[in-house]
Amino acid sequence: MTKLLIVDDDPDVLLAARLLLKRHFGQVDIEKNPERLPFLLTNGQYNAVLLDMNFTRSGVTQDVNSGKEGFHWLDRILDLDPSLMVVLFTAYGDVDMAVRAIKAGATDFVLKPWENEKLVATLLGAVKAGEKADTPSLSSPLSIASLSSFSSPFSPFSLLSPMRQILDTVEQVAPTDANVLILGENGTGKDLVAREIHRQSARRNGPFVAVDLGALSESLFESELFGHVKGAFTDARDDRAGRFEEARGGTIFLDEIGNITLPQQARLLSVLQQRTVTRVGSNRASQLDIRLICATNANIQERVMNQAFRQDLLYRINTIELHLPPLRNRSDDLPLLANHFLQRYCQQHNRTITGISPALMAQWQQYPWPGNVRELQHTIERAVILFRTGLVGGTMLEADDWHQPGKSVSSRTPVQETLQLEDMEKQLIQKALQQHNGNITDVARTLGLSRQALYRRMEKYGL
């Protein structure tokens, strides 16, 4: 039976972590006072410890961002049991702190607010490493994986990468409340940049609310964003807060803003100008307390020129503009990103792949990657599943074109006439993706599907 100990001086964090992790571990103990660590470790055999890095000593003024207390208790734990797996977590962290933690003997490093799947996977990986009695070091696979996934996917970039300038701008902009507009093709990581801005902002402890505007119908737009009161329309059985209210004290991320209609733009502009929001069916306005981040893959300036997007709304949302470069313009990043995803999926699928063959990597660096980082990520996962062990691209499977991104079984052969409904649906989606150059919003609109429904079908057919 695996036993986990969680140490944090925030009772809410302890409760949330225990509720999540007790489904994956035989026993989960929680402790608010780190002074009890020596007693607990002496009297209990734990497989891993999840340790906060910032504790407040009574009557002592300290820098809550330094992690000094966390490093102190990490040393104490390893003095008592040098083989114990210790995972550190904190709301205040950077790559330098992660490196210090690994060098000090930590198994891994996780940021708050955590992603449930990542936290569970990290702790299970730590327990597994402990069972193998491997002492973690900076050169061990687990430690390398932890560093490469620490600020996923923002650490695996070449020093020459165009993304370095983007991240420098993010560091400057994040502490302010300036509105940010993120531009870039599908799959370049606009949502991840938005989350990184939130993580580095003063609102990091508030909610991050993401809204896919491209998936909202005209009739649901106002209700979803601004909320409604009971009886405002036929199905309004209760009062409901909108996304703007849910984001109070935090950040709201409006994705695909370039595709909303002119009436929707006018309503949104009014809310942003007045800094108030009124629920549908109500006359009472409430003040906004949000940080606004928007994103689009559309040519927003062209839409303004064509009078398809309001220029005054553009002025409101783009105090700062970030242009994310496509992967084809970042060839130096490709090997780093590929190895980053390789580490992640080897751990997720329990594979022992040693790397990617130079020949295959050279081929990938010549490919234009129309799906950008998302396409690379899916290609790497497929490779990990197919190869299991050894070197990706280093076996006879290389003779097949499975490893050519964007390829699928049906696209390697001429399209055959078929009366199978699923085959016809798959071919129709493939044709629409080609016609619209992978623009998900346009493809969904052409096929009469919501974006979520299209994503489900693409996942089903491996597109």
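Note that the coordinates shown come from a computational prediction; the quantities given were computed from them, not determined experimentally.
For the pair Asn116 and Leu119, the minimum side-chain heavy-atom distance is 4.5 Å or more. At least one side-chain heavy atom of Ile182 sits under 4.5 Å from a side-chain heavy atom of Ile293. Put simply, the side chain of Arg351 does not reach to within 4.5 Å of the side chain of Leu342, judged on heavy atoms. The shortest side-chain heavy-atom distance between Val127 and Met85 does not fall under the 4.5 Å cut-off. Pro207 is not listed as a side-chain neighbour of Glu246, based on a closest heavy-atom distance of 4.5 Å or more. Residues Val211 and Asp255 are not in side-chain contact: their nearest non-hydrogen atoms beyond the backbone lie 4.5 Å or more apart. Residues Val87 and Leu51 form no side-chain contact, since every pair of their non-hydrogen atoms from C-beta on lies 4.5 Å or further apart. No side-chain heavy atom of Gln200 sits less than 4.5 Å from a side-chain heavy atom of Pro175.
In this structure, Arg275 has no salt bridge (charged side-chain N to carboxylate O under 4.0 Å, His left out) partners at least two apart in sequence or on a different chain. The side-chain hydrogen bond (donor to acceptor under 3.5 Å, both in side chains) check on Asn372 picks up Glu185, with sequence neighbours excluded. For Phe221, there are no ring pair (Phe, Tyr, Trp, His ring centres under 6.0 Å) partners at least two apart in sequence or on another chain. Not counting sequence neighbours, the partners of Arg240 by the salt bridge (charged side-chain N to carboxylate O under 4.0 Å, His left out) test are Glu224. Scanning for ring pair (Phe, Tyr, Trp, His ring centres under 6.0 Å) contacts around Phe244 gives Phe226, with sequence neighbours left out.
In this pair, Tyr367 and Trp369 present their aromatic rings perpendicular. The plane angle is above 60°, beyond the 30 to 60° band.
Of the inter-residue distances, the one linking Leu268 atom CG with Ile257 atom CD1 reads 5.5 Å to the nearest 0.5 angstrom. To the nearest 0.5 Å, the span separating CZ on Arg199 from CG on Leu111 amounts to 5.0 Å. In this structure, Leu254 CG and Asn179 CG are separated by 10.0 Å, a value rounded to the nearest 0.5 Å. One distance of note links CG of Asp212 with CG of Asn259; it measures 9.5 Å at 0.5 Å rounding. Atom CG of Leu183 is separated from atom OG1 of Thr188 by 9.5 Å, given to the nearest 0.5 angstrom. Separating the CG atom in Leu88 from the CG atom in Asp108 is a distance of 9.0 Å, to the nearest 0.5 Å.
Evaluated for a side-chain hydrogen bond (donor to acceptor under 3.5 Å, both in side chains) with Lys112, the options Asn54, Asp52, Asp10 yield exactly one hit, Asp52.
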Subject >> Test salt bridge (charged side-chain N to carboxylate O under 4.0 Å, His left out) applied to Glu381 and Arg344, step by step >> reply: CA-CA 9 Å; Glu381 184 175 19; Arg344 176 195 295 183; over 6 Å; no

Subject >> Candidate pair Glu321 and His323, rule side-chain hydrogen bond (donor to acceptor under 3.5 Å, both in side chains), full reasoning >> reply: CA-CA 7 Å; Glu321 266 190 23; His323 296 257; 2.9 Å; yes

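Under the ring pair (Phe, Tyr, Trp, His ring centres under 6.0 Å) criterion, no residue pair touches residues 166-193, with sequence neighbours excluded.
Residue-environment remark: CD (Glu115) stays at or below the threshold of 12 foreign heavy atoms within 6.0 Å.
Between the side chains of Gln274 and Ser270, at least one donor-acceptor pair of N or O atoms lies under 3.5 Å.
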